[in-house]
Amino acid sequence: MSQDSYIPDNPNERIRLVQGGLNFSQVTETVASIAERPTSRKWLFAFLMAAATAGLVPGSLAILFWNGTGVWGLNNPQAWAWDIVNFVFWVGIAHAGTFISSILTLTRQPWRTSIGRFAEAMTVFSVACAGMFPACHVGRVWCAHWLFPVPNQMDLWPNFHSPLLWDVFAVNTYATVSVLFWYLGLIPDLATMRDRAKNAAAKIAYGVLAVGWTGSVRQWMNFEKAYQIFAAIATPLICAVSAVVSCDFAGSQIPGWHATIFPLYFVCGAVFQGFSATIFLMAICRSQLGLKNLITMRHLENLCKITLALSFIVTYIYFMEYFIAKFSGNPYEAFCFDNRMTGWYAVGYWTMIICNGAIPQLFWFRSVRNSIPAMIVIGFLGVFGMWFERYIIIMAIGHDFLPSSWEGFMPTFWDCSLFLGSIGTFFTLLLLFVRFVPVISIAEVKMVMPEAKPKHGDHH
Amino acid sequence: MPQMSHDNERTLWRSAQAMEAGAAVSDASREFPEGASEASGFSRRGFMQIMAASMALAGAASCRRPEEKILPYASAPEGLIPGKSNFYASAIPRSRGSLGVLVKSTDGRPTKIDGHPGSVSKGASDSFAQADLLDLYDPDRLQQVRFHGVAAASDAEGMTAKYRLELRQSFLKFDKELEAFTTEAKKNGGSSLAILSAPVTSPTEERLRTEVKENLPKASFAFWEALNDDNSAEALRLFRGAAAPDARLRVDLSKVDTIVSLDADFMSPSYRDSLELVRGWAERRKLGSSKEDAGKTDLNRLWSVEANFSLTGSNADHRLRVKPSQIGDVLVLVAQKLASGPLKGLTLPAFDSKLKLDDLSAKDVTYAAAIEALAAELASNTLKGRRSVILCGESQPVNVQVLALLINSALGAFANGSLSIVPAAAKADKLLGSSIAELAEGIKSGRITQLVILGGNPAYDAPAELGFADLVAKAKTIHLTHDYNETSEKAAIAVPAAHWLESWGDTRCSDGSVSVIQPLIAPLFDGLTSNELLARLAGLGKVKGHDLLKATHGLQGRDFEAVLSKGQFSGPVAPLALVPDLLGCGKVLASLKAGEPAEFEVVFVPDAKMLDGRYANNAWLQELPEPITKIAWDNAALVSMATARKLGAGHRRSNGTDQTDVLSIKVAGVAAELPVWPVPGIADGVVVLALGYGRTIVGHVGRGEKGSEVANYPVNTGIAAAPVGVNVYPLRRSGSLFSAKADSVAKTGKVLEGREGPASTQEHWAMEDRDLVKTASVSEFQHDPLFAREKENPVTASLFPGRPEWDKPGSHQWAMVIDLNACTGCGTCSIACQAENNISVVGKAEVHNGREMHWIRLDRYFYADERWLKNQPESLSDAELSAKYDVAVEAYHQPIGCQHCQMAPCEQVCPVAATQHSPEGLNDMAYNRCIGTRYCANNCPFKVRRFNFFAPQEEFKAPRFEVKKMVYNPNVTVRSRGVIEKCTYCTQRISEAKIDAKVAGEKLATDSFTTACAEACPTQAITFGDKNDAKSAVSAKRADVRNYTLLPGLNVQPRTSFLARLSNPAASLVKAEAHEHKGHH
């Protein structure tokens, strides 16, 4: 390993990123053993719960495909509702993982190493959940592939004017890059798992996935380079994907949708939501998986600080959006915002303001930033509030230009079941990940330990 | 028009063109024996072939021998081009003025009904005429003769050969039963027999009735119609003296300056001669288009005195809301004011009205001031030679009706031809008739034991106190009926009636002309006409309707054919001279008494959709939103805002579900429970109930069952099958057919949750100060003729390139203009569009879900001047404010279909480019490219795009629904599940016209055709055409000063524009405000 590639961390100034005096092999043991020890009852219980909930997905989709989009609560002005709310919601959760592993890599934040893997896994799984919604929400799912520029005998192209088409490309690119990025980072650890595997099946499985990783210097050099390149590619994607998703709305002319602030709004909202979700899940996993020495209070505190900063940005945007709507003198925009605050969906609006704007302010207090229960609650509320943000935005089409068409939206059982199912799917995948894959990047954590810093001046 | 005629039983087709075809058919019938082509039951294809074949026989449709029907064309009749439609003149028989129609026939089946341009409607039609088509193909029609309610054959397998055979056997059995029935009647000379029907308008039927009378001299005839015009007929009789010959009143509003409607909702299609009246009204609502013309604007003025908020009331310039018992008072008060002028010499009885004249009848206008102004206007009209007409609704008692006739006469309405008296041919309206009450007495006393009911449903709609359902069961009853209904159930024999589209006949229109009813299709399920049944009672045997008709008119061969192409046997008749029986009238007037208002009064309104209940199984009409309430699939107890508040009842949304309180309305000891529905502007203390709902013995649509359009999908339901609406006939008694005093009206405490309650297609009432329906008074318009022109300057810069070919000379650029000053809001356009474009009906549950599919909808906005409401001197409590709202409210109607934006926002966002602009400016939809992302629907600022959330047409896969598919227009795709659809400007009609022009080698005359909505519109409020042609009608309208488009700030550049609405209030009743528009700016 080249000397330049590790990031110095002065133990005199900062708390060590790895606590409990763990040495290299202990780190490996701590992480790898999670995947190796026998299935715990707790895990089994959680997994069964999640899988059962995920089981709602095939049922909900079968009903949806067999009967039609009408099984949802959609109506004429409200042609999109929970389908798109949930899509944007899951895309949002995805953002933390990529943010941590790309931007924090490029800006050389050593503390990211022990949380990156987990957050990236969240990215991959939530993109999977997100992708489900736009794919199944179209009226004729059997024609959904027409969204891609598939060559055909009629020379029909998709409409490149449509933000929905940009969306298709953006989300697909994002999903592809996220999966590759995550997998790339996994390779050295999969090799570790292969080497430690006690039974043949695990050995073969990990072996195949580790694609012949031996840990040679050349491999490490390539790996490091590739990782940096991926980080560089993924960084603009974070901005691109949510910004493009936001164009679905900003590109329309519906009051409450048609706003130039949307790309920024969606990116910051998504990262805020992603960090909230990471705090929430990380704070739980840390104790459950015995990773207190690797995911320290310092890690969590950093996450809290970033969340607080993002909360400021979204709150500013909430205010700005309202100000512009009122200040522009556009009666339709002004009505839309008044309606959000006082109309049908006022509960949702104020939930959003409180969860995303007010409550994260508690992170100003060190005591809150160091309290696991507080973090779990605030993190959860951040995710919860961000769902309502999308809900509030999308419900704007119910009350646009012609009051004669105004109509509210009520979700049906099948709206709820598919959403619950997507949550179940997310947790099922996450639990499988926790059970079989090192949840922390063993190799990377070792790099930021003081032991990794060569003391004797000899170059490798 | 038909190419064939049927001379007698032996020779087949007689006309030159048909001879060949006819002969071929008979030849073929020898070659292929009966049943050969349908050995394995009916395939869909086979069914269509048979229907096509039956068209060959349409000219002689009374010929129902099955061996003639089951064959495809051996050689097609000359001139028949598959897929090319033909039009046939016919008429819809109505007991109150029939409607001449032109029916489109495609490949042997009728597919669209429109008004006959030569008839009184001048080519317009109403929603009933449009929807009659669906009734023809109603699978729930009575298909077999049912004895004591038993259906011997099941149609579950559809039109199988076996089922056909069973149907035929039921008719054979009926032949025997009828013979026995007639023999029995004959024994006592017919004294035990009574024949009950609606008033007769058919000369042939009149002739046959006299024949029956000859055969059974003692037989009696009774007449009943729930929505009768007995009061006005009686008033006219008294007015003209008992000796005067039978006649009816005809009204021509086209030159009338002042129209006073006394609870006469003539804009509702349920009103007698509505089409003629509303067209006359609209003539005087159209005005010149230039700025200079504005100064010359001379609109008519419509005053409406009414208890409910009717369509007419919503279009009135002044509306006085009065309890039903006091509507007559208003006329008497006006008459008193006129006593010194036009009514000099008329003595009115002492009259002390209890009407509170100091109350507000409208914003700033008291009743006293309104009556004063109205009287002054009527008086000045007579001086200035301007015309005035008072229309008296059927609800008014005879003495008020007579007073109205007297005033009309004094105002010169008869002299100037606005009113005329049309002779009703020989005892037409009341042929030897008795009332239903006398008939009921006869049955009760046992004198009458045999009853023949021709059509109708008296067991359901006869006056409640008669208990007529039991009487139908008591007598041996034969009920000739289109559908198996409450009366058929009680009858000993229920016989299927042929639809008017399947039968020969004649009928009298309001101008006295006699129109031909000619079949377009052989009876789908056999079935008799009332003429055929009467002929058999008359002992004439099984004579075909066709022969009966010819015998009546004494026409044969070519003479008869000539009549068919014209559509009329005889033209309008000259009106009778008026000689009022003043002495008699004086006596009638002496009985005028001031109304005694009760705390709660009930108004029974003829429903604009169900009429008297006969259309209960018609899904198009069920789903058409009621014009004022916008409720579909239901009736409700309509009350004013203040009354709702007083009753503590209402309609609200709580925890995301709709909650509707239920009212119990008790009249003469009988209570009915209906959901309450507050409508601003109804008279306080009045409950408005629509007749025609709550049918129990009715097809699956009326029952709200699975397989109906009330779709019970396996998921997403929550609506139980229940009759549509509540039957209020039990509250309706002989003395109070149109209004009654209620014993009590109270909240029951029951609450209808969610989908149990009425489904309204428009939840939001107010326009929210948006510039959507632009209105001004005439004086405001004269002051500022350009008031409707865009005040906001749209930014016309766009990222998308312009389309220079759009304005290329010679290209067609389609556009539509809707004149809001002529639109009444009746909704005929919606139904016409539905019939033309195969639009699905989605059912009550889906209307609740906000998924109705109409391509052109009627937006109705209630408007009350907010500033006026707020400027009331004292600070108002909520209750007072809602009372003020009732006073100040107005209603506007606005038809909205796709606006065909030139910068269409839907086109830009569709990811698969399924919606695109055509070079002729249409916003096209490629259904088979659409994947259903619904982004276009979101981005449409007018919300006119409709998504197929389900596939309602899939509900009709069962064989018994096969017949229903015949209603489809073959030129329009039936959309699949998951695609968006919307108004296409009837692109199929454009294409057809272009093809025809090309074939003929001519330049397309763009005003020679129009869209379905424009064609049907009773007031011609819709103009469609080529805006690139400076001479077209639509170009002229677009140049109108009142022309405006919606939402100009969005720069979507709609192709549909509107002409602003004007009101014409009396100058003396308008507060001298600065010339300011009504606050929508």
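Labels below follow one simple rule: chain letters A, B, ... track the order of the sequence lines, proteins then strands, and each chain is numbered from 1.
Only the side chain of A:Trp142 comes within contact range of chain B, with at least one heavy atom under 4.5 Å from a heavy atom of that chain. Only the backbone of A:Leu64 comes within contact range of chain B, with heavy atoms under 4.5 Å apart. Proximity to chain B is absent for every atom of A:Ile84, based on heavy atoms less than 4.5 angstrom apart. Proximity to chain A is limited to the side chain of B:Tyr861, based on heavy atoms less than 4.5 angstrom apart. Interface remark: A:Phe249 contributes backbone atoms only to the contact with chain B (heavy atom separation under 4.5 Å). At a 4.5 Å heavy-atom cutoff, the contact between B:Glu907 and chain A is made by backbone atoms alone. Of the two parts of B:Phe942, the backbone and the side chain both hold a non-hydrogen atom closer than 4.5 Å to a non-hydrogen atom of chain A. If you measure heavy-atom distances from B:Ser976 to chain A, the contacts under 4.5 Å come from the side chain alone.
The side-chain heavy atoms of A:Asn159 and B:Gln908, taken from C-beta on, include no pair separated by under 4.5 Å. A:Pro331 is not listed as a side-chain neighbour of B:Arg770, based on a closest heavy-atom distance of 4.5 Å or more.
Interface remark: of the candidates A:Leu165, A:Leu147, A:Asp83, A:Leu147 forms the most heavy-atom pairs closer than 4.5 Å to chain B.
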Practice prompt. Would you sort out whether B:Leu1046 and A:Phe401 count as a side-chain contact (heavy atoms from CB on, under 4.5 Å), showing the intermediate values?
Written response: CA-CA 10 Å; B:Leu1046 288 180; A:Phe401 298 100; over 6 Å; no

Item to complete: Could you check A:Thr69 against B:Arg934 for side-chain contact (heavy atoms from CB on, under 4.5 Å), going step by step and ending with a plain yes or no?
Response: CA-CA 11 Å; A:Thr69 327; B:Arg934 308 183 293 284; 3.5 Å; yes

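The distance from the CG atom of B:Leu1050 to the CD atom of A:Gln253 is 4.5 Å, given to the nearest 0.5 Å. A distance of 11.0 Å separates CH2 of A:Trp406 from CD of B:Gln762, quoted to the nearest 0.5 Å. In this structure, A:Asn76 CG and B:His854 NE2 are separated by 12.5 Å, a value rounded to the nearest 0.5 Å.
Within 6.0 Å of atom NE2 in A:His258, 12 or fewer heavy atoms from other residues, nucleotides or ligands are found, so the atom counts as exposed in its surroundings.
With 3.5 Å as the limit, one finds a donor-acceptor pair spanning the side chains of B:Arg857 and A:Ser405.
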